[in-house]
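Presented below is the structure to which this report refers.
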Number of protein chains: 2
Amino acid sequence: MSDAYYLHLTDRLRDLIQDPEAFEDDRLPSERVLAERFHTTRVTLRQALAQLEGEGRIHRSNRRGWFVSPPRLDYDPTRDAGFNDYVKAQGRRPRTEVLLTDTRPHPPAAEALGLPFDRPFHHIRRRRFVDDRAVLCESLWVVPERAPQLLEGDFTGSLWGQLRERWGLTLAHRSLRLYSEAIHAREAEALGVAAGTAGLSVRRTIFDEQRRPVEYDEEHWLHNALCIAVELENSV
Amino acid sequence: MSDAYYLHLTDRLRDLIQDPEAFEDDRLPSERVLAERFHTTRVTLRQALAQLEGEGRIHRSNRRGWFVSPPRLDYDPTRDAGFNDYVKAQGRRPRTEVLLTDTRPHPPAAEALGLPFDRPFHHIRRRRFVDDRAVLCESLWVVPERAPQLLEGDFTGSLWGQLRERWGLTLAHRSLRLYSEAIHAREAEALGVAAGTAGLSVRRTIFDEQRRPVEYDEEHWLHNALCIAVELENSV
DNA sequence: TTGCCCATCTGGTATATACCAAGAGTCTGG
DNA sequence: CCAGACTCTTGGTATATACCAGATGGGCAA
């Protein structure tokens with residue numbers, strides 16, 4: 001079935017977006033223009049675009065158009081080099097926006113950390129950009145006893161760094177869960193994409209050296225914005 | 001935009017597939033039947049199905065139909081508990097098929113391991129099933145000097161286990177790269193899905209304690225078949 | 001200069017329809 | 001009894017068309 005026309009279309013569009021001279025500022029021509037140029041309908045053309053989107057080569061911004069995706073960001077969720085630092089280290093421009101902070105219970109965090117359901121957490125919700133593209137929306141829930149005046153600080157930087165420096169915490173036991181998902185409405189809105197867009201979810205549960213619960217967080221990434229890269233030095 | 005009909009459809013279908021009594025053997029009614037039942041066209045219905053597919057709730061098998069997806073498999077790519085073992089431990093039925101073995105150069109493996117491009121590798125290509133559903137297609141390239149008679153063994157089990165037991169190797173330095181992808185034609189065929197289906201790619205590069213290159217492998221998983229779960233016990 | 005409105009562009013959603021190709025089961029002739 | 005052909009069902013691909021809703025930018029009015 002490789003003789004489907006939309007697959008040929010996909011190939012030709014792939015060639016097109018790999019040609020840096022094909023168009024300016026990484027924006028593809030409109031669907032209507034492309035459909036006409038390739039003598040097909042928008043419906044078929046959109047199948048080809050969806051393929052390339054799945055490959056991570058292009059992405060859409062709500063009703064603005066299709067764009068060539070930049071290279072994926074290398075990201076190691078087991079470390080906390082600080083978003084700003086590792087984005088810069090890869091020659092990109094980081095930005096962080098805090099969307100919300102409050103203190104309230106959150107049953108999923110409580111369950112992950114083994115605490116009662118009605119236990120409150122310090123909650124930070126933020127959105128992060130690479131080169132002005134929103135790529136990630138995350139929520140962090142911190143056990144208040146571990147970091148009492150947490151919410152009085154600044155959260156555009158590294159949270160783990162603060163936990164270490166301001167409260168002397170060691171983040172010794174870390175549990176990671178990672179899977180592909182469809183981005184939910186709330187996160188989709190924050191990221192400026194349609195609900196249901198392909199995403200990658202990263203959840204972390206952190207305990208300190210005394211096995212006391214410290215933090216739980218959920219990151220929702222655009223699926224084509226990142227490549228998880230982990231280096232391990234100990235034997236199996 | 002939550003008033004789009006296909007999103008309501010998605011919700012109703014989600015309810016439907018969560019009802020264990022709705023239909024037998026996890027097979028959804030045909031697209032034509034569903035479209036008629038919900039008073040819409042196949043085109044719109046397929047949008048809703050695509051949403052649920054993105055959420056990992058259903059999957060399709062070539063031209064056979066749509067099926068409710070079983071729970072994701074927990075998988076820790078940093079360990080080698082052995083596929084058969086951890087699948088069984090989660091109450092599922094594993095199976096492994098060896099598709100191909102040979103010895104030949106493979107530039108990507110050579111690059112990852114820091115070897116000359118024309119250096120040959122022992123190559124194993126296999127496909128793995130959970131409850132008779134093909135969920136994973138992988139290729140392994142092993143440095144022949146590390147495991148000379150590798151290809152004379154049996155490869156339906158744990159490769160790392162063999163490397164340790166038959167050649168006394170320690171898999172000390174492991175580099176992981178993980179990202180979402182569109183499954184390529186060859187892997188898609190092996191998995192019985194359409195090319196371009198959403199997948200998750202896991203690449204590992206392994207060195208032994210003396211930093212000698214040992215192995216490079218690529219796994220291509222159906223995106224909704226797994227949840228990466230990693231436990232880390234050392235401090236950041 | 002500034003702020004608003006509106007025309008126009010974009011992708012998003014939807015209907016109706018047609019034919020193709022592969023899977024699965026049945027029927028039939030050896 | 002079995003193999004092969006035939007048929008029916010399935011999802012896969014494709015055309016043509018229409019209208020909606022958000023983004024954008026130009027132009028006009030205060």
Side-chain angles (χ1 to χ4, degrees), chain A residues 1-11 13 23 25-54 58-68 132-134 182-183 185 188-198, chain B residues 1-11 13 23 25-54 58-68 132-134 182-183 185 188-189 191-197:
Chain A
M1 275 311 301
S2 68
D3 52 348
Y5 182 56
Y6 85 94
L7 289 177
H8 286 295
L9 252 184
T10 308
D11 294 337
L13 287 170
F23 35 77
D25 67 292
D26 294 334
R27 185 187 200 132
L28 272 73
S30 79
E31 294 180 358
R32 287 169 177 83
V33 167
L34 286 173
E36 193 173 5
R37 182 186 303 178
F38 292 108
H39 306 102
T40 183
T41 57
R42 272 182 71 207
V43 183
T44 301
L45 181 94
R46 279 168 66 86
Q47 282 189 70
L49 290 173
Q51 284 285 317
L52 294 171
E53 188 183 32
I58 60 175
H59 64 274
R60 48 184 126 181
S61 175
N62 224 325
R63 274 156 221 266
R64 302 201 304 120
W66 290 90
F67 299 83
V68 178
D132 290 320
R133 174 187 177 207
I183 293 179
E189 197 189 1
L191 297 174
V193 299
T197 299
Chain B
M1 275 314 300
S2 69
D3 51 349
Y5 183 56
Y6 85 95
L7 289 176
H8 286 295
L9 251 185
T10 308
D11 294 337
L13 287 170
F23 35 76
D25 67 292
D26 295 333
R27 184 188 200 132
L28 272 72
S30 79
E31 293 180 358
R32 287 169 177 84
V33 168
L34 286 173
E36 193 172 7
R37 183 184 304 176
F38 292 107
H39 306 102
T40 184
T41 56
R42 271 182 71 206
V43 183
T44 300
L45 181 95
R46 279 168 66 87
Q47 282 189 71
L49 292 173
Q51 283 285 316
L52 294 170
E53 188 183 33
I58 60 175
H59 64 273
R60 46 184 127 180
S61 176
N62 224 328
R63 271 157 222 266
R64 301 201 305 120
W66 291 89
F67 299 84
V68 178
D132 289 321
R133 175 187 176 207
I183 294 179
E189 197 190 1
L191 296 173
V193 299
T197 299

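Numbered from 1 within each chain, the chains take letters A, B, ... in sequence-line order. Since we're looking at a predicted model, the values are computed, not measured. Excluded from the calculations below are hydrogen atoms, water molecules and symmetry mates; all remaining heavy atoms, backbone and side chain alike, are included.
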*Under 3.5 Å for both distances, Watson-Crick or G-U wobble, that's the pair rule; now give the dot-bracket for DNA chain C, with | marking pairs to another strand and [ ] for crossing ones.*
||||||||||||||||||||||||||||||
Could you check how far [atom1] of [X] sits from [atom2] of [N], rounded to whole Å?
{"X": "R27(A)", "N": "dG11(C)", "atom1": "CZ", "atom2": "C1'", "answer": "10 Å"}
{"X": "H59(B)", "N": "dG12(D)", "atom1": "NE2", "atom2": "P", "answer": "12 Å"}
{"X": "N62(B)", "N": "dA24(C)", "atom1": "CG", "atom2": "P", "answer": "9 Å"}
{"X": "W66(A)", "N": "dA23(D)", "atom1": "CH2", "atom2": "C1'", "answer": "16 Å"}
{"X": "R63(B)", "N": "dT10(D)", "atom1": "CZ", "atom2": "P", "answer": "14 Å"}
{"X": "L45(B)", "N": "dG11(D)", "atom1": "CG", "atom2": "P", "answer": "9 Å"}

Review item, side-chain donor-acceptor pairs of residues 33-41 of chain A, under 3.5 Å, at least two apart:
none

*Contact class for R46(B) vs. all strands (heavy atom < 4.0 Å): base, sugar-phosphate, or nothing?*
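The answer is base, as R46(B) lies within the cut-off (heavy atoms under 4.0 Å) of a base atom.
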In chain order, what residues pass the salt bridge (charged side-chain N to carboxylate O under 4.0 Å, His left out) check against [X], with sequence neighbours excluded?
{"X": "R133(B)", "answer": "none"}
{"X": "R32(A)", "answer": "none"}
{"X": "D11(A)", "answer": "R14(A)"}

*So does R60(A) get a side-chain nitrogen or oxygen closer than 4.0 Å to the phosphate oxygens (OP1/OP2) of dG12(C)?*
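Yes, R60(A) has a side-chain N/O under 4.0 Å of OP1/OP2 on dG12(C).
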*For dA24(C), does either OP1 or OP2 sit under 4.0 Å from a side-chain N or O belonging to R64(B)?*
yes
*Who pairs with E53(A) by side-chain hydrogen bond (donor to acceptor under 3.5 Å, both in side chains), at least two apart in sequence or on another chain?*
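Counting only residues at least two positions away or on another chain, E53(A) forms a side-chain hydrogen bond (donor to acceptor under 3.5 Å, both in side chains) with R60(A).
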*What pairs with S61(A) under side-chain hydrogen bond (donor to acceptor under 3.5 Å, both in side chains), at least two apart in sequence or on another chain?*
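Here the qualifying residues are R64(A).
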*Got L28(B) and L49(B) here, is their nearest side-chain heavy-atom distance under 4.5 Å?*
yes
_Spacing of R27(A) atom CZ and W66(A) atom CH2 [to the nearest 0.5 Å]_ = 13.0 Å
_Pairing residues for A188(A) by the side-chain contact (heavy atoms from CB on, under 4.5 Å) criterion, not counting sequence neighbours_ = I183(A), V193(A), A195(A)
*Taking protein heavy atoms under 4.0 Å as touching, what does nucleotides 14-19 of chain D look like 5' to 3' if B marks base contact, S marks sugar-phosphate-only contact and - marks none?*
SBBBBB
